Amino acid sequence: MTGIIELLIVFGSVIAIVAVACYFGYREEELKVRLRMKEMEEGFPPGTYSKISKKDLKRARKMAGNSQWTASEQEAFRRHSEESEREMLMQGIKDLKSRIDNIDTIMKDKKGEEK
């Protein structure tokens, strides 16, 4: 009988710890969602003040056609993806410019050595 009581105490405490951890994780996610919604309502792209993972963006793209998203939410995610694409393009342009500059200096050095 004492073994059963000890077992119940152990399992009860484990369940209580897991429940508390899940509750605080849920609260954290709820705060993140509220912050994102506030950003979108004010016209900022989601992720300006809150951190949005790529996983969230992929899920949002999948659900973009879903009718449960409002037009403002869809627009905010679209603007955010366009800005990230624009940043990637600008970084690519900078890299190409630096490569071209390197090629120009190499060609000038080779021409100088040939003379």
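These figures come from a predicted structure and were not determined experimentally. Start at 1 with the first residue, then count along the sequence. Hydrogens, waters and symmetry mates are skipped; everything else that's a heavy atom, side chains included, is used.
- For the atom pair OG1 (T2) and CG (L7), the distance works out to 11.0 Å, reported to the nearest 0.5 Å.
- Atom CZ of R34 and atom CG of L31 lie 6.5 Å apart (nearest 0.5 Å).
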For a salt bridge (charged side-chain N to carboxylate O under 4.0 Å, His left out) check, start with the C-alpha distance between E29 and K32, then their side-chain angles and the critical distance, and finish with the verdict.
CA-CA 5 Å; E29 288 297 318; K32 286 180 185 179; 3.8 Å; yes
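- Y23 is connected to V20 through a chain of hydrophobic side-chain contacts under 4.5 Å among Ile, Leu, Val, Met, Phe, Trp and Tyr, so both are in one cluster.
- Rounding to the nearest 0.5 Å gives a distance of 12.0 Å between CD1 of I93 and OG of S98.
- We find the CG-CG distance between D101 and L96 to be 11.0 Å, quoted to the nearest 0.5 Å.
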